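The chains referred to below are lettered A, B, ... by the order of the sequence lines, with proteins before strands, and numbering in each begins at 1. These figures come from a predicted structure and were not determined experimentally.
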Protein chains: 2
Amino acid sequence: MYDGSGAEDGSRIEALRLRCTTFAARRTICYEGDAPTELFQLFDGWAFRYKVTRDGRRQILSFILPGDLIDLPLLGTERIAHAVKALTAISVCVFSRTELADFIYGDAERARRAGAAFAAQSAATDEQMLDLGQRSAFERIARLLNHLAVQLRKRGLAEAEGFRLPLTQSHIADATGLTAVHVGRTLREMRKSKLLSLAQGWLTIEDPESLAAI
Amino acid sequence: MYDGSGAEDGSRIEALRLRCTTFAARRTICYEGDAPTELFQLFDGWAFRYKVTRDGRRQILSFILPGDLIDLPLLGTERIAHAVKALTAISVCVFSRTELADFIYGDAERARRAGAAFAAQSAATDEQMLDLGQRSAFERIARLLNHLAVQLRKRGLAEAEGFRLPLTQSHIADATGLTAVHVGRTLREMRKSKLLSLAQGWLTIEDPESLAAI
DNA sequence: CGGGTCCTTGAGTAGTCTCAACGGCGGTGG
DNA sequence: CCACCGCCGTTGAGACTACTCAAGGACCCG
């Protein structure tokens, strides 16, 4: 995601920040179809984007980690097509949607970087579609957890032995298109085969090579 | 997708076109990891974007219809993370990647429209992830065919009674994350329930309301 | 006429889901 | 401080969706 901190623009984008604020855990930040005038950058905590079918099945589209701009597409459209929910208590920086868009699109270099961010996001969702469409439950879960580990390490948010993972099995299920029960069984398998272990909100990766190879 | 034909820029973008060319049916246009210097806009025919797992399973990410810019993300990155293949014989307009990027990002209004195109694409892939993760085979196939019908009608490429659909059951299978055999069985069900019929490359939608409601 | 691709059908199977019950844990209120 | 309740994870049994393997027929093209 676009993290607004590219090179010499890092300081200038700060000037656009309206304020910072917080949301409680489990709080829904916005709903599908909303047309918010403000746009958030996640500063601390976890959130996720999701959509639901009419009969209530939920698909988690992505997890949002500190540094991510929540809802990059808002730079290109007024109305968002998905909901966003806080997983933990979060704190965010608030920007005006129109001001930020003017700022970014008004300069070729910044627009280009936004384009690069879109491209990166698009590559990530393509990868996810490959997962959802073609891979087994075991592979999907392994890849999701590995992806999160990589992202967190990149941001310096993971210890060597593992990291805090504030997801329930239901969250993992909704992100991978499985049921919570089956996620539980698959995690048990992973634990038994000494690949990783997830308990009490703490993920330990025991065999990083095999995990990355899946 | 970004169709480059927004209002008064329609004529100017034409000036950037290097040439037009064609590709035979089944020809692979580019491979995952390529860094092409040129970028295509599809003029006539069908193509699709896809990715494969290491063991050969293929996921079709999207179908590309006349008017679409092939590989929008190329405006933001040098290297594309998916392959593109012609489904039918196609003809395309060729642009220089860097020239087109300079043209678009150099003007705030054009950059904004590119952002809108990214947002639209992103909303479409989110919808697809909801399909892949949460919906049944029947729903996925119905929604894919309905989506294609809507897109083709929007472009004036569909007759009232139906339209030419140059997909094999394998293509539908790879786009929906199913097997070709199961797609065949599901299409039979749809035929039997008078929802639609697909035969000899021609799709007839018999009950548009029920189809759109799925 | 031969070979390839595509579609269809059948039989058996694997992977994942559904439903249900239970125990642990943490928060809340008495 | 304790009783209660709701959420979460675990386990089991059984069902079902979609897959695999296999064979045959239709069609097209060379």
Side-chain angles (χ1 to χ4, degrees), chain A residues 24-27 53 55-60 85-89 131-142 144-145 164-193 196-204 214, chain B residues 24-27 46 53 55-60 85-89 131-145 164-192 196-203 214:
Chain A
R26 289 151 184 269
R27 167 80 190 279
T53 60
D55 58 344
R57 287 167 288 172
R58 178 177 73 174
Q59 176 68 34
I60 292 182
K85 190 166 179 171
L87 202 47
T88 64
D131 286 348
L132 286 176
Q134 305 298 330
R135 298 202 226 254
S136 68
F138 194 93
E139 293 172 307
R140 290 188 223 178
I141 294 171
L144 171 63
L145 296 178
R164 171 112 245 285
L165 190 81
L167 307 181
T168 66
Q169 294 186 348
S170 285
H171 292 123
I172 298 175
D174 288 348
T176 51
L178 303 165
T179 55
V181 173
H182 197 61
V183 168
R185 293 194 225 273
T186 307
L187 285 174
R188 166 155 46 101
E189 263 186 71
M190 291 179 170
R191 218 173 291 129
K192 212 166 56 184
S193 63
L196 54 80
S197 83
L198 173 56
Q200 284 96 37
W202 186 267
L203 176 68
T204 313
I214 290 174
Chain B
R26 289 150 183 271
R27 167 81 190 278
W46 287 54
T53 60
D55 58 343
R57 287 167 288 172
R58 178 177 73 173
Q59 175 68 35
I60 293 183
K85 190 166 180 174
L87 201 50
T88 64
D131 286 349
L132 285 176
Q134 305 298 330
R135 298 202 225 255
S136 68
F138 194 93
E139 294 172 307
R140 289 188 224 178
I141 294 172
R143 289 175 59 89
L144 170 62
L145 297 179
R164 169 113 246 285
L165 190 82
L167 307 180
T168 67
Q169 294 186 350
S170 284
H171 291 122
I172 298 175
D174 288 349
T176 51
L178 303 165
T179 54
V181 174
H182 196 61
V183 168
R185 293 194 225 273
T186 307
L187 286 174
R188 166 156 48 100
E189 261 186 71
M190 291 178 171
R191 219 173 292 128
K192 211 167 57 185
L196 54 81
S197 83
L198 173 56
Q200 284 97 37
W202 186 267
L203 176 67
I214 290 172

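In this structure, A/L167 places its CG atom 12 Å from P of D/dC8, rounding to the nearest Å. One interatomic measurement links the two molecules: CG of A/D174 to P of D/dC8, which rounds to 11 Å at whole-angstrom precision. Atom-to-atom, CD of A/Q200 to C1' of D/dT10 comes out at 13 Å; the value is rounded to the nearest Å. With rounding to whole Å, B/R26 atom CZ is found 7 Å from C/dT5 atom C1'. Note: CD1 (A/I141) to C1' (C/dG15) measures 13 Å, nearest angstrom. The nearest whole Å value for the distance from the CG atom in A/L132 to the C1' atom in C/dT16 is 15 Å. A/W202 has its CH2 atom 20 Å from the P atom of C/dC25, to the nearest Å. With rounding to whole Å, B/Q134 atom CD is found 10 Å from C/dT18 atom P.
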Distances for protein N or O near nucleotides 12-19 of chain D N or O, under 3.5 Å:
| unit_1 | atom_1 | unit_2 | atom_2 | d |
| --- | --- | --- | --- | --- |
| D/dG12 | N7 | A/R185 | NH1 | 3.3 |
| D/dG12 | O6 | A/R185 | NH2 | 3.2 |
| D/dA13 | N6 | A/R185 | NH2 | 3.1 |
| D/dA18 | OP1 | B/A137 | N | 2.9 |
| D/dA18 | OP2 | B/H182 | NE2 | 3.4 |
| D/dC19 | OP1 | B/T179 | N | 3.3 |
| D/dC19 | OP2 | B/T179 | N | 3.1 |
| D/dC19 | OP2 | B/T179 | OG1 | 2.9 |

| Verdict with reasoning, B/L178 to B/I141, per side-chain contact (heavy atoms from CB on, under 4.5 Å) | CA-CA 9 Å; B/L178 303 165; B/I141 294 172; 3.9 Å; yes
| request: Carefully, step by step, assess A/Q169 and A/R185 under the rule side-chain contact (heavy atoms from CB on, under 4.5 Å). | output: CA-CA 10 Å; A/Q169 294 186 348; A/R185 293 194 225 273; over 6 Å; no
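A 4.5 Å side-chain heavy-atom check between A/L187 and A/L145 finds at least one atom pair inside the cut-off. In this structure, B/L132 and B/R140 have side chains that are in contact, with non-hydrogen atoms separated by less than 4.5 Å.
Here CZ of B/R143 is found 4.0 Å from CG of B/D131. Values are rounded to the nearest 0.5 Å. In this structure, the separation between CG on A/L165 and CD1 on A/I172 is 6.0 Å, given to the nearest 0.5 Å. For the atom pair CZ of A/R135 and CD of B/Q59, the computed distance is 10.0 Å after rounding to the nearest 0.5 Å. Here CG of A/L167 is found 8.0 Å from CG of A/L198. Values are rounded to the nearest 0.5 Å. Between the NZ atom in B/K85 and the CZ atom in B/R26 there is a gap of 7.5 Å [rounded to 0.5 Å].
When heavy atoms are screened at a 4.0 angstrom cut-off, B/R191 is found touching the sugar-phosphate backbone but no base atom.
One end of the helix from C/dC1-D/dG30 to C/dG30-D/dC1 points its axis 40° away from the other end's axis, with each axis taken from 5 pairs and the angle rounded to 10°.
Between D/dT10 and A/Q169, a contact under 4.0 Å exists linking OP1 or OP2 to a side-chain N or O.
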